[in-house]
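So the structure is just underneath, and the comments pick up after that.
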Amino acid sequence: MKPVQLLLAFLAVWAVVVLMVAPAGAQAATCNAMQLTPCAGAIVGNAAPSAACCSRLKAQQPCMCQYARDPNLKQYVDSANGKKVMAACKVPIPSC
């Protein structure tokens with residue numbers, strides 16, 4: 001399986017789990033790792049982040065600590081490429 005496909009599979013599984021166990025409310029509705037799929041190529045493949053990626057990353061910024069605590073997503077948030085993408089998009093790297 002290609003790295004991008006693997007990332008998308010992890011994001012899909014994670015999103016389903018979050019939707020199943022998250023309490024109802026605004027925070028549960030706004031934190032959705034699937035919204036970050038436009039960033040997959042930049043995080044996994046080292047491509048430049050697109051405008052769509054940066055826009056989604058900024059919208060999901062309040063969720064980064066939640067993603068960093070998730071065992072399936074932590075490796076992407078904490079990766080060198082993940083940090084480069086956040087820096088390129090001018091999204092602060094979370095300090096959780």
Side-chain angles (χ1 to χ4, degrees):
M1 192 176 246
K2 293 181 181 178
V4 173
Q5 291 172 326
L6 185 60
L7 172 63
L8 293 175
F10 276 128
L11 290 175
V13 169
W14 183 84
V16 170
V17 170
V18 167
L19 292 174
M20 290 174 47
V21 298
Q27 186 68 12
T30 57
C31 288
N32 181 352
M34 290 301 294
Q35 294 296 313
L36 298 175
T37 55
C39 298
I43 295 172
V44 176
N46 204 20
S50 65
C53 169
C54 289
S55 175
R56 300 271 181 93
L57 197 57
K58 288 175 184 175
Q60 293 290 304
Q61 180 182 345
C63 305
M64 287 300 142
C65 284
Q66 177 181 333
Y67 299 156
R69 287 188 293 268
D70 184 295
N72 293 321
L73 300 174
K74 179 179 177 60
Q75 64 185 343
Y76 303 109
V77 176
D78 291 341
S79 72
N81 280 352
K83 291 177 181 177
K84 282 195 312 190
V85 170
M86 285 187 258
C89 292
K90 296 180 176 48
V91 173
I93 296 170
S95 58
C96 310

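The CG atom of L73 lies 8.5 Å from the CG atom of L36; values are rounded to the nearest 0.5 Å. From Q66, atom CD reaches atom CD of Q60 across 9.0 Å, with rounding to the nearest 0.5 Å. With rounding to the nearest 0.5 angstrom, the CG atom of N81 is 10.5 Å from the CE atom of M86.
When all heavy atoms of N72 and Q75 are compared, the pair lying nearest together is O-NE2, 3.9 Å. A pairwise comparison of heavy atoms in V85 and P49 identifies CG1-CB, 4.0 Å as the closest pair.
Of the possible polar contacts, none joining the Q35 side chain to the L57 backbone as a donor-acceptor pair under 3.5 Å is found. Checked by atom type and distance alone, the side chain of Y76 never pairs as donor or acceptor with a backbone atom of A68 at under 3.5 Å.
Under the 2.5 Å SG-SG cutoff, C31 and C63 qualify as a close cysteine pair.
Applying the side-chain hydrogen bond (donor to acceptor under 3.5 Å, both in side chains) test to residues at least two apart or on different chains, the pairs with a partner in residues 45-59 are N46-K84.
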| request: Go through C96 and C65 one step at a time and tell me if the disulfide (SG to SG under 2.5 Å) criterion holds. | output: CA-CA 6 Å; C96 310; C65 284; 2.0 Å; yes
